[in-house]
Amino acid sequence: GQKVVQPMGGTSGLYDKIMLFSKGQLKSPNLCSSFKFTANNETIEMPLLQWVFYFMYKPAMESQMLEINLNNIKRMLDKFANDFQDRGEYNAYKHSLIFYNSEFTEAISGDGGKAWMTIGKSADSIQYLEKEIKVKEGKKIATGLVMETSKPFDFEKDYIRCLSIYRLISNIINTRKYSYLLDLKNQPFTIWHFHAIDLEEFLYNDNGGMIRSSWSV
């Protein structure tokens with residue numbers, strides 16, 4: 001029989017929150033809301049997003065640039081959360097069920113293969129196996145079939161995105177370490193800023209018209 005796929009994240013609901021965040025529907029926490037905290041007997045107020053990634057270290061830039069910096073971080077997080085929803089691709093990586101194509105062209109034929117029409121192509125692409133999931137009456141149902149999925153993939157852009165994730169996490173960790181560890185206080189360290197990122201280049205792929213496609217195998 002058909003198996004109902006349980007909501008991601010189990011009892012914690014973390015995956016569900018990431019899904020809501022990617023759709024702009026997560027109400028709490030609101031990263032754009034104001035956040036107050038006390039440091040050195042002083043009450044400080046700043047956007048929650050700034051507190052998460054900069055803590056007590058205010059970026060050395062004018063308020064307009066700071067707003068652009070925080071907005072870019074928010075847009076990047078939106079992109080990462082949206083990509084995180086593709087658990088089929090993640091599981092394929094984890095179980096070595098993913099393949100790299102140096103060049104991929106997708107075409108269809110309506111006359112038995114005598115003539116083909118190209119509907120999409122990509123200089124780089126990946127193919128991976130995943131279980132087929134269908135939505136029925138609002139519930140995700142595993143059909144028991146295996147799908148082969150092809151999608152464009154920009155390795156250079158993926159590297160840049162991974163590097164940005166590293167820098168965001170580095171900000172979270174280092175701003176706390178250099179605040180709380182006595183032997184590190186007042187020592188210099190790198191804080192990453194994101195106001196100069198080209199979001200159009202960062203967020204979107206030019207894949208030559210190739211679209212993601214899946215079929216049963």
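The figures here come from the full heavy-atom set of this structure, side chains too, leaving out hydrogens, waters and symmetry mates. Here the structure is a predicted model, which means the values were calculated and not measured.
In terms of heavy atoms, Leu199 sits closest to Met76 at CD2-CG, 4.4 Å. In this structure, Ile126 and Phe155 approach most closely via the heavy-atom pair CG2-CZ, 4.4 Å. Among all heavy-atom pairs drawn from Phe80 and Ser164, the shortest one is CZ-CB, 4.5 Å. When all heavy atoms of Ile141 and Lys136 are compared, the closest pair comes out as CG1-CB, 4.1 Å. Scanning both residues, Lys58 and Leu66, for their nearest heavy atoms gives CE-CD2, 4.4 Å. Heavy-atom minimum distance, Asn82 versus Ser22: N-CB, 3.7 Å.
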Review point. Would Phe55 and Tyr180 count as a ring-ring contact (aromatic ring centres under 6.0 Å, His included) if you check the C-alpha gap in whole Å, the side-chain angles of each, and the deciding distance to 0.1 Å?
Key: CA-CA 11 Å; Phe55 197 41; Tyr180 292 127; 5.7 Å; yes

Check your understanding: Does the pair Leu48 and Asn30 meet the rule for a side-chain contact (heavy atoms from CB on, under 4.5 Å), with working shown?
Key -> CA-CA 8 Å; Leu48 178 58; Asn30 180 0; over 6 Å; no

Practice item. List the steps, then state whether side-chain contact (heavy atoms from CB on, under 4.5 Å) holds for Phe21 with Lys23. Key: CA-CA 5 Å; Phe21 178 82; Lys23 295 179 178 180; over 6 Å; no

Check your understanding: Can Tyr15 and Phe84 be said to form a ring-ring contact (aromatic ring centres under 6.0 Å, His included), step by step?
Key -> CA-CA 9 Å; Tyr15 285 11; Phe84 186 80; 5.1 Å; yes

Practice item. Please assess Phe189 against Tyr57 for the test ring-ring contact (aromatic ring centres under 6.0 Å, His included), listing each intermediate value before the final yes or no. Key: CA-CA 11 Å; Phe189 67 97; Tyr57 294 86; 5.1 Å; yes

Review point. Between Leu70 and Tyr54, does a side-chain contact (heavy atoms from CB on, under 4.5 Å) hold up when you go through it step by step?
Key: CA-CA 10 Å; Leu70 295 179; Tyr54 295 99; 4.3 Å; yes

Check your understanding: What's the verdict on side-chain contact (heavy atoms from CB on, under 4.5 Å) for Leu168 and Ile73, showing C-alpha distance, side-chain angles and the deciding distance?
Key -> CA-CA 8 Å; Leu168 288 168; Ile73 292 177; 4.0 Å; yes

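Residues forming a side chain to side chain donor-acceptor pair (under 3.5 Å) with Asp78 (at least two apart in sequence, or on another chain): Lys74. Residues forming a side chain to side chain donor-acceptor pair (under 3.5 Å) with Glu67 (at least two apart in sequence, or on another chain): none. Lys177 is linked by a side chain to side chain donor-acceptor pair (under 3.5 Å) to nothing, counting only residues two or more places apart in sequence or in another chain.
The 12-atom threshold is not exceeded at CG of Asn41, counting heavy atoms of other residues, nucleotides or ligands nearer than 6.0 Å. Within 6.0 Å of the CD atom in Gln64, the count of heavy atoms belonging to other residues, nucleotides or ligands does not exceed 12. Residue Glu62 qualifies as open at atom CD: its count of foreign heavy atoms under 6.0 Å is 12 or below. The 12-atom threshold is exceeded at CD of Gln187, counting heavy atoms of other residues, nucleotides or ligands nearer than 6.0 Å.
Between His193 and His195, the angle of the ring planes lies from 30° to 60°, which puts this pair in the tilted group.
For the pair Ile133 and Thr143, the minimum side-chain heavy-atom distance is 4.5 Å or more. In this structure, Glu130 and Glu148 have side chains that are not in contact, with every pair of non-hydrogen atoms separated by 4.5 Å or more. Here the side chains of Met61 and Asn69 are in contact, with some heavy-atom distance below 4.5 Å. The side-chain heavy atoms of Met56 and Phe37, taken from C-beta on, include a pair separated by under 4.5 Å. Using a 4.5 Å cut-off on side-chain heavy atoms (C-beta onward), Asn174 and Leu184 make no contact. For the pair Ser216/Glu132, a side-chain contact is recorded, criterion being any heavy-atom separation below 4.5 Å from C-beta on.
Side-chain contact check for Tyr166 and Asn171: no donor-acceptor pair (N or O, by modelled atom type) lies under 3.5 Å.
With rounding to the nearest 0.5 angstrom, the CZ atom of Arg167 is 12.0 Å from the SG atom of Cys162. In this structure, Met65 CE and Ser63 OG are separated by 9.5 Å, a value rounded to the nearest 0.5 Å. Here the straight-line distance linking atom CD1 of Ile165 with atom CD1 of Ile160 works out to 12.5 Å at 0.5 Å rounding. A distance of 9.5 Å separates CD in Gln127 from OG1 in Thr149, rounded to the nearest 0.5 Å. Rounded to the nearest 0.5 Å, atoms CG (Leu26) and CG (Leu31) are 8.0 Å apart. Atom CH2 of Trp192 sits about 6.0 Å away from atom OG1 of Thr190, to the nearest 0.5 Å.
Taking hydrophobic clusters as Ile, Leu, Val, Met, Phe, Trp and Tyr residues chained together by side-chain heavy-atom distances below 4.5 Å, Leu129 does not share a cluster with Leu145. Note: the hydrophobic cluster containing Val135 does not contain Met147 (ILVMFWY, side chain heavy atoms under 4.5 Å, direct or indirect links).
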